Amino acid sequence: MKESSPMQDWQKLSEKELHGKKLDTLNWSTPDGSLLKALYTSEDLKDLPHIHSLPGLDPFLRGPKATMYAGRPWTIRQYAGFSTAEESNAFYRRALAAGGQGISVAFDLATHRGYDSDHPRVKGDVGKAGVAIDSVEDMKILFSEIPLDKISVSMTMNGAVLPVLACFIVAAEEQGVSRSQLSGTIQNDILKEFMVRNTYIYPPAPSMKIVADIFAYTSEHMPKFNSISISGYHMQEAGADPILELAYTLSDGKEYIETALKSGLKIDDFAPRLSFFFGIGMNFYLEIAKLRAARVLWSKIVEKYSPQNIKSKMLRTHCQTSGWSLTEQDPYNNVIRTTLEAMSAVFGGTQSLHTNSFDEAVALPTEFSSRIARNTQIIIQEESSITKVIDPWGGSYFMESLTQNVIDKSWEIIEEIDQMGGMAKAIEQGYPKMKIEEAAAKKQALIDNGEEVILGVNKYQLTKEEEIEILEIDNPAVRENQILSLKKLKSNRNEKSAQNALEALTKYAETGVGNSLELSIQAARARCSLGEMTMALEKIWGRYKANTQVISGVYGRSMEKNEQWQNIYKDILEFEKQEGRRPRMLVAKMGQDGHDRGAKVIATAFADVGFDIDLAPLFSTPEDVAKHAIENDVHVIGVSTQAAGHKTLIPDLIAELKKLKANDIIIVAGGVIPKQDYDFLYKAGVKGIFGPGTPIPLAAADVLKAIKLARS
């Protein structure tokens, strides 16, 4: 009698434990739809092309360095910046003393969009979502007593990249640190801005010229500084699944290579200083595989350009735990979420990491929450022994198979973008943005249907939420302080030198002759402000305005069997029958906040259930929104807010509607709004507030009820 094999015995055992069912009933899907097995064996490693690769060797599957964390752990970064340069500087110095190893600067939205703090369009934005920087004097304060020849600095800046990087270089220079000694990264990833984050200033063509100029300048003068951080993080925050994020990020990287080569640079002049930035969400295994796959794919992409320096093919990355996965409900759960995400980034082989604070779903992080976030990394580094083994996932039946699956799936998407003529062409057609918005709508529908569990949001909810301490910025006081500093800057400078420097920038925009970063450095030395430098180029290039559109059907199709959803649809048909038209809502973002995932998901979902939807242009003022609402005869304005400007901008909108005798238009608000601010907004006249995690069917029902009440 032939003996059964161990595998056959195991299959019988597993079927018995599954009550006679086959093992494939336990198969599961990743967010992109890939079907994965519950069990992997050595059979799954057959024919995998990189199974015998080693860390530090091309294609870098197991890490870009031979010894990885056993030789040197990843850099612990704290992404922070708020209020004034003085307050941010104090925070940085405390963070470094408490174990931080590098600085990641968050700038306010006025700075991102190239406006000085005294500009009327940024009234509600100054100092709110980051630090306000108007000149080299602010930058000097920001890094006071921080040795820039020893501390690595990462700056998340894209639109106003020229004045910000110029002011940083001059601030270091006046601290006694030469540009060649500076280490760190400037994000400088403008393609991503046109896709998701929207803090662009100039149109795509001149924006890409700026990127090439920065490549050229840093490759010649700043050998330790990374000239770009090609960012997928904001794609994932906008709704992309990990595979979509990976493919689009690497396609962006490919586009930057082509841009640099066309400008006359050689691949080895700049490729070794390119870096990447990925978001890390709650899909633990997939995020690890994503980082491993990223290195293999980047090596494959760069190989086409025949580099002579192996470092040109080496993908190095910074990672940040997800902001979108954080919940307002039961917020201490976010500590556990962030820990799991941090472990994914570490097991995937990141070179530096920022861990989000548990309170960032509702406000800027406090000192208390920032310490927990920072200590999460320190504990992993110093207490867990995780750093003692180089790529512990190497050879894993499951992880190696999953990594190859991610490689194959991502490459299909990269080739699709290539067939469209590259990422710049694809962005012009709006294709990547549409795919990301579709993914966001699908994800939200899964959560609202309860198919994807979010603890405290759609399962195991608390009966009563306790308030947590939040950090609040006195926006008017910060703005007034910045305005005084600007007046002082301009009264003390040599005006002729400043105007000559600005004219040189305008001439550059006209002719394309010279290097825009070099000219911006000269302007910073002459004490030109960030807004003045931006305007000098804007005179010729103009300021880019994107088309806004809403996808349809994606959310609604996923909710077809949801009883509450169907009831709202019927109520809207009844409303239309009685009123002669459907309920009409204007979805608006005010100020300079370009994060529009929430606004777009609300717009598409409400449209799917029967609302007539208008979208206000990004970066609208309260005056713009009021005018738009009246012209389109809407019942309600839905204000989406994420950058903490709600206490300034929403009351201004209400006042403007009152001034225009349009008090019948009601206002609801959603997004990152601390519970502590609800009473203030209700007293101001807001009729409904929907915080992070509010199910869309519930929000739609409440908005319809508010419209009916206002009309009764």
Side-chain angles (χ1 to χ4, degrees), residues 109 123-125 128-129 324 327-329 360-364 444 457 465 467 470 472-473 475 583-606 611 613-626 628-630 632 634-658 662-710:
L109 290 164
K123 182 181 175 185
D125 296 303
K128 276 292 193 180
W324 188 84
T327 64
E328 177 189 40
Q329 297 87 346
E360 289 187 58
V362 292
L364 289 169
Q444 189 61 50
V457 174
E465 296 277 354
E467 285 189 359
I470 64 166
E472 184 161 358
I473 304 300
N475 162 247
R584 192 175 189 93
M585 180 164 77
L586 173 65
V587 178
K589 289 189 70 69
M590 295 185 288
Q592 300 304 307
D593 176 22
H595 292 87
D596 61 353
R597 174 181 181 154
K600 288 293 186 68
V601 169
I602 286 293
T604 187
F606 273 53
F611 279 77
I613 294 294
D614 293 295
L615 266 179
L618 281 173
F619 317 120
S620 293
T621 64
E623 292 79 11
D624 295 334
V625 172
H628 192 143
I630 292 166
N632 287 273
V634 304
H635 296 101
V636 58
I637 300 171
V639 177
S640 175
T641 178
Q642 187 175 332
H646 51 272
K647 288 177 75 173
T648 301
L649 296 169
I650 292 177
D652 283 358
L653 173 59
I654 293 169
E656 188 64 22
L657 288 171
K658 186 176 181 181
N663 305 42
D664 58 321
I665 298 175
I666 65 171
I667 294 175
V668 297
V672 180
I673 304 174
K675 285 276 198 314
Q676 290 90 324
D677 292 350
Y678 281 22
D679 281 346
F680 172 88
L681 293 175
Y682 282 132
K683 286 174 183 175
V686 173
K687 300 302 181 186
I689 302 172
F690 308 101
T694 303
I696 287 179
L698 177 63
D702 284 353
V703 170
L704 184 61
K705 198 180 299 179
I707 293 171
K708 289 178 179 177
L709 189 63

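Count residues from 1 along the sequence. Not measured: the values here are computed from a predicted model.
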A.B. asks: Which pair of non-hydrogen atoms, one from Tyr682 and one from Lys687, has the smallest distance, and what is that distance?
C.D. replies: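 Minimum heavy-atom contact is CE2-C, 4.3 Å.
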A.B. asks: Could you tell me which residues satisfy side chain to side chain contact (heavy atoms under 4.5 Å, CB included) with Thr327, sequence neighbours excluded, listed by chain and number?
C.D. replies: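 Applying side chain to side chain contact (heavy atoms under 4.5 Å, CB included) to Thr327 gives Gln329, Asn334, Arg337, Ile454, Val457.
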A.B. asks: Work out which heavy atom in Gly598 is nearest to a heavy atom in Ser640; give both atom names and the distance.
C.D. replies: C-OG, 4.4 Å
A.B. asks: Looking at Asp652 and Leu649, would you say the former's side chain and the latter's main chain have a donor-acceptor pair under 3.5 Å?
C.D. replies: no
A.B. asks: Specify the closest pair of heavy atoms between Ala603 and Ile613, including all atoms of both residues, with the distance to one decimal.
C.D. replies: O-CG1, 3.7 Å
A.B. asks: I'd like to know if the side chain of Asp593 and the backbone of His595 have a donor-acceptor N/O pair within less than 3.5 Å.
C.D. replies: yes
A.B. asks: Testing the basics here: between Ser620 and Val625, what is the closest heavy-atom pair and its distance to 0.1 Å?
C.D. replies: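 Nearest heavy atoms, Ser620 then Val625: CB-CG2, 3.7 Å.
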A.B. asks: If I take atom NZ from residue Lys123 and atom OG1 from residue Thr621, how far apart are they, to the nearest 0.5 angstrom?
C.D. replies: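 Spacing of NZ (Lys123) from OG1 (Thr621) equals 10.5 Å.
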A.B. asks: Calculate, to the nearest 0.5 Å, the distance between atoms CE and CD belonging to Met590 and Glu623 respectively.
C.D. replies: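 Answer for the CE-CD pair, Met590 versus Glu623, is 9.5 Å.
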A.B. asks: Can Phe611 and Val587 be said to form a side chain to side chain contact (heavy atoms under 4.5 Å, CB included), step by step?
C.D. replies: CA-CA 11 Å; Phe611 279 77; Val587 178; over 6 Å; no
A.B. asks: Write down the atom of Phe619, the atom of Gln592, and the distance for their closest heavy-atom approach.
C.D. replies: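 Of all heavy-atom pairs spanning Phe619 and Gln592, the closest is CE2-O, 3.5 Å.
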A.B. asks: To the nearest 0.5 angstrom, please state how far the CG atom of Leu657 sits from the CG atom of Asn663.
C.D. replies: 7.5 Å
A.B. asks: With rounding to the nearest 0.5 Å, note down the distance linking CD1 in Ile650 to CD1 in Ile689.
C.D. replies: 7.5 Å
A.B. asks: List in chain and number order the residues that pass side-chain hydrogen bond (donor to acceptor under 3.5 Å, both in side chains) with Asp614, two or more places apart in sequence or in another chain; answer none if no residue qualifies.
C.D. replies: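 By the side-chain hydrogen bond (donor to acceptor under 3.5 Å, both in side chains) rule, Asp614 matches Arg584.
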A.B. asks: Do Lys683 and Pro651 have side chains that get closer than 4.5 Å, going by heavy atoms?
C.D. replies: no
A.B. asks: Report the distance from atom NZ of Lys647 to atom CD of Gln676, rounding to the nearest 0.5 Å.
C.D. replies: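 Reported value, rounded in 0.5 Å steps: 9.5 Å.
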A.B. asks: Between Asn632 and His628, do the side chains contain an N or O donor and an N or O acceptor separated by less than 3.5 Å?
C.D. replies: yes
A.B. asks: Assess whether side chain to side chain contact (heavy atoms under 4.5 Å, CB included) is satisfied between Val703 and Phe690, documenting all intermediate values.
C.D. replies: CA-CA 10 Å; Val703 170; Phe690 308 101; 3.9 Å; yes
A.B. asks: If you take all heavy atoms of Val686 and Ala669, which pair is closest and at what distance?
C.D. replies: CG1-N, 4.2 Å
A.B. asks: As an exercise, state the distance from CG of Leu586 to CD1 of Ile665, rounded to the nearest 0.5 Å.
C.D. replies: 8.5 Å
